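A quick write-up on the structure given underneath.
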2 protein chains.
Amino acid sequence: MNKKENFINKLRSSGLRPTRQRIEICKVLYDRKKTFHFTIDTLSKILRKKSKERISLATIYNTVYAFKNKNYLKEITLNTNKTYFDTNVTSHHHFLDENSNRLIDLKNSDVGKVKIKRKIPGKKIKSIEILVRISD
Amino acid sequence: MNKKENFINKLRSSGLRPTRQRIEICKVLYDRKKTFHFTIDTLSKILRKKSKERISLATIYNTVYAFKNKNYLKEITLNTNKTYFDTNVTSHHHFLDENSNRLIDLKNSDVGKVKIKRKIPGKKIKSIEILVRISD
DNA sequence: ACACTACTTTAGAATCATTATAAAGTAGTT
DNA sequence: AACTACTTTATAATGATTCTAAAGTAGTGT
Ligand SMILES: [Mn+2]
Ligand SMILES: [Mn+2]
Ligand SMILES: [Zn+2]
Ligand SMILES: [Zn+2]
């Protein structure tokens, strides 16, 4: 299993010890083809199902925020009481399906160039992100 | 005082009884020139300062959500633990100043036309909103 | 292999924004 | 004034998140 070694190397080179718990979390987060949008709660449920490790909720919180600080995860802004995270850490746009409350990544090529004409003196633009709400 | 009568009429015609508390809240929210972006907490502090009515926190919550349901307020999505509201209920874009965590409305004319090229089968676009993060 | 230390995990408690409850108060109506 | 549905309020409950401190472990050096 090559991927596990990759996770271990990535963690070590980030100054994070490759613990059993972190490796299991890496598998769930990064061993997949598409972007993963999740809450702590959904991640926790998946871990209970897919991993034989029993990982405490505190560790899941610790790990997710550790990964966020290393820029391996991005926090996402939504109108819910739970915090969302995104394995796609690039600046990108989303569809939000209001029926299922699911996020779908838009590629930059899916969106025409966005032009912001107004400037705020002394301020620089850090990111431009679009949320497109969709429903049936 | 003409504005107070306006608030009373607006409330009554919305099926909301014009109570002392609701009128005080209307004054803080709508008796101003520019869009107001706020949390329950900031609204509560302003009410304590500006109004001699002592309005319970429960009533502030009740009223804000009543106004939101009548489409007199809009809930806003931000990376914080508190819920934000906006007196500008139209679909519009924002600057978010990451230093002060303040929102600034963008006029539609401040933003070039946004083109979403991708379609999701069976889904319709409800709104397109841009968040432009800025900082020093 | 062993000891050492800093990092990590964990159960459980604490925090705090929000929501629910139910009793007292009030607006609108007759 | 009496009536009733709506509203306010103190207070409790909820639930996501954060904190605490004790037990466990990875990496390092011997
Ligand atoms: Mn929220
Ligand atoms: Mn949030
Ligand atoms: Zn995404
Ligand atoms: Zn706004």
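Lettering follows sequence order; numbering is per chain, from 1. As the structure is a prediction and not an experimental result, all values here were calculated from the model.
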Could you work out which one of C/dT10, D/dT17, D/dT9 sits closest to the side chain of A/I40? D/dT17

Taking CG from A/N9 and P from D/dG27, how many angstroms apart are they, rounded to a whole number? 11 Å

Taking atom C1' of C/dT8 as reference, at what distance in whole Å does atom CD1 of A/I23 sit? 13 Å

Separation of C/dT18 P from B/Y65 OH (nearest whole Å): 6 Å

Is there a side-chain contact between B/I8 and B/R12, using heavy atoms and a 4.5 Å cut-off? yes

Nearest-angstrom distance from the residue atom CG of B/N81 to P of D/dC19: 11 Å

Whole-Å gap separating C1' (C/dA17) and CZ (B/F85): 11 Å

Which of B/T42, B/I76, B/T77 passes side chain to side chain contact (heavy atoms under 4.5 Å, CB included) with B/Y84? It is B/I76

Starting at the 5' end of DNA chain C, which residue's closest nucleotide do you reach first, A/E53 or B/Y84? A/E53

So A/N62, base contact, sugar-phosphate only, or nothing? Heavy-atom distance under 4.0 Å. base

Hey, could you give me each pair passing ring-ring contact (aromatic ring centres under 6.0 Å, His included) that has a residue in residues 3-36 of chain A? Not counting sequence neighbours. A/F36-A/F38

Taking atom P of D/dA10 as reference, at what distance in whole Å does atom CG of B/L57 sit? 10 Å

Atom-to-atom span, CZ of A/R22 to C1' of C/dT9 - whole angstrom: 9 Å

Name each donor-acceptor pair under 3.5 Å that joins a side chain in residues 64-71 of chain A to protein atoms two or more places apart or in another chain, with its distance.
{"unit_1": "A/K68", "atom_1": "NZ", "unit_2": "A/E75", "atom_2": "OE1", "d": "2.5"}
{"unit_1": "A/N69", "atom_1": "ND2", "unit_2": "A/Y65", "atom_2": "O", "d": "3.3"}
{"unit_1": "A/K70", "atom_1": "NZ", "unit_2": "A/S14", "atom_2": "O", "d": "2.9"}

Looking at the side chain of A/I55, which of C/dT10, D/dT9, D/dT7 is the nearest nucleotide? C/dT10

Report the nucleotide, chosen from C/dT19, D/dT17, D/dT9, that has the shortest atom-to-atom distance to any side-chain atom of B/Y61. C/dT19

Note: with side-chain heavy atoms under 4.5 Å as the link, the other cluster members for A/F95 come out as A/I104, A/L106, A/V111, A/V114, A/I116, A/I120, A/I125, A/I128, A/I130, A/V132, A/I134, B/F95, B/I104, B/L106, B/V111, B/V114, B/I116, B/I120, B/I125, B/I128, B/I130, B/V132, B/I134

Classify every nucleotide of nucleotides 23-30 of chain C by which part a protein heavy atom approaches to under 4.0 Å, writing B for the base, S for the sugar-phosphate alone and - for neither, in 5'-to-3' order. ---BBS--

Apply ring-ring contact (aromatic ring centres under 6.0 Å, His included) to B/H93 and list each qualifying residue two or more places apart in sequence or on a separate chain. none

Interatomic distance where CD1 belongs to A/I60 and C1' belongs to D/dC19 [whole Å]: 17 Å

Holding to side-chain hydrogen bond (donor to acceptor under 3.5 Å, both in side chains), I want the full list of residues that pass it with B/S44, two or more places apart in sequence or in another chain. B/R48

